[in-house]
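Chain identifiers are assigned alphabetically (A, B, ...) following the order of the sequence lines, protein sequences preceding nucleic acid strands; residue numbering begins at 1 within each chain.
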Amino acid sequence: EDQVTQSPEALRLQEGESSSLNCSYTVSGLRGLFWYRQDPGKGPEFLFTLYSAGEEKEKERLKATLTKKESFLHITAPKPEDSATYLCAVQSYSGGSNYKLTFGKGTLLTVNP
Amino acid sequence: KAGVTQTPRYLIKTRGQQVTLSCSPISGHRSVSWYQQTPGQGLQFLFEYFSETQRNKGNFPGRFSGRQFSNSRSEMNVSTLELGDSALYLCASSLVSGGSGEKLFFGSGTQLSVL
């Protein structure tokens with residue numbers, strides 16, 4: 001069974017204090033790894049897709065990286081508006097022509113001014 | 001371009017009742033997926049519909065069912081509600097079926113409380 005574990009569960013940073021969120025996974029046949037951001041009272045919002053080990057994607061203060069067993073979401077000089085829950089999800093083959101998406105439980109990031 | 005619309009936003013039901021939730025995907029999107037989100041279990045996949053056909057199903061009991069209409073709008077039904085069904089139900093749409101690796105666009109969800 002596919003497993004996705006995110007750490008830490010919660011992280012408090014001061015504005016400008018860089019850090020990383022971790023997503024480790026066990027999956028048979030990774031097709032893609034996704035990062036989403038979720039604000040309170042809203043649905044998740046897509047950030048990145050990574051497909052192969054060594055791949056990196058960047059967007060503003062965020063950079064996602066992928067290895068064969070884990071992904072990191074690096075946050076450089078965060079601002080209070082970066083406060084949200086960050087979700088990691090892995091897509092794997094589930095039989096026939098179907099695929100499934102398994103989410104981690106997320107990391108709640110709080111950035112204090 | 002309008003996003004994914006879910007109605008109602010909040011719902012309160014009692015045990016044993018049934019409930020129907022609605023989702024209108026982004027125009028042109030043919031795939032609709034449903035997820036249950038709870039603090040303890042996180043986001044869990046319920047099912048996916050593509051062109052009115054169920055393409056994939058998660059590990060939920062048969063009380064959870066869904067359908068998709070020809071205009072890609074989707075409904076999810078939960079019968080004989082239990083206290084543990086209290087959750088945020090999220091709908092997500094994409095252009096093609098989830099097998100393509102296409103990113104999902106989520107609605108804001110329906111918060112269901114079962115008393």
K.L.:
Between B:E75 and B:R67 (salt bridge meaning N to carboxylate O under 4.0 Å), is one present in this structure?
P.N.:
yes
K.L.:
Between B:D85 and B:K13, does any NZ, NE, NH1 or NH2 come within less than 4.0 Å of an OD or OE carboxylate oxygen?
P.N.:
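Answer for the salt bridge query: no.
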K.L.:
Do B:Y49 side-chain atoms and B:S74 backbone N/O form a donor-acceptor pair below 3.5 Å?
P.N.:
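The answer is no, because no donor-acceptor pair under 3.5 Å joins these two groups.
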K.L.:
At a heavy-atom separation under 4.5 Å, does B:L43 approach chain A through its side chain, its backbone, both, or neither?
P.N.:
both
K.L.:
Given a strict heavy-atom distance threshold of 4.5 Å, which part of B:Q44 is in contact with chain A: side chain, backbone, both, or neither?
P.N.:
neither
K.L.:
Below 4.5 Å from any heavy atom of chain B, which atoms of A:Q38 appear? Answer side chain, backbone, both or neither.
P.N.:
side chain
K.L.:
Might you confirm whether atom CZ of B:R15 has over 12 heavy atoms from other residues, nucleotides or ligands at distances under 6.0 Å?
P.N.:
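Atom CZ in B:R15 is not packed in, count stays at 12 or less.
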K.L.:
Considering only heavy atoms, which portion of B:F105 lies under 4.5 Å from any heavy atom of chain A: side chain, backbone, both, or neither?
P.N.:
neither
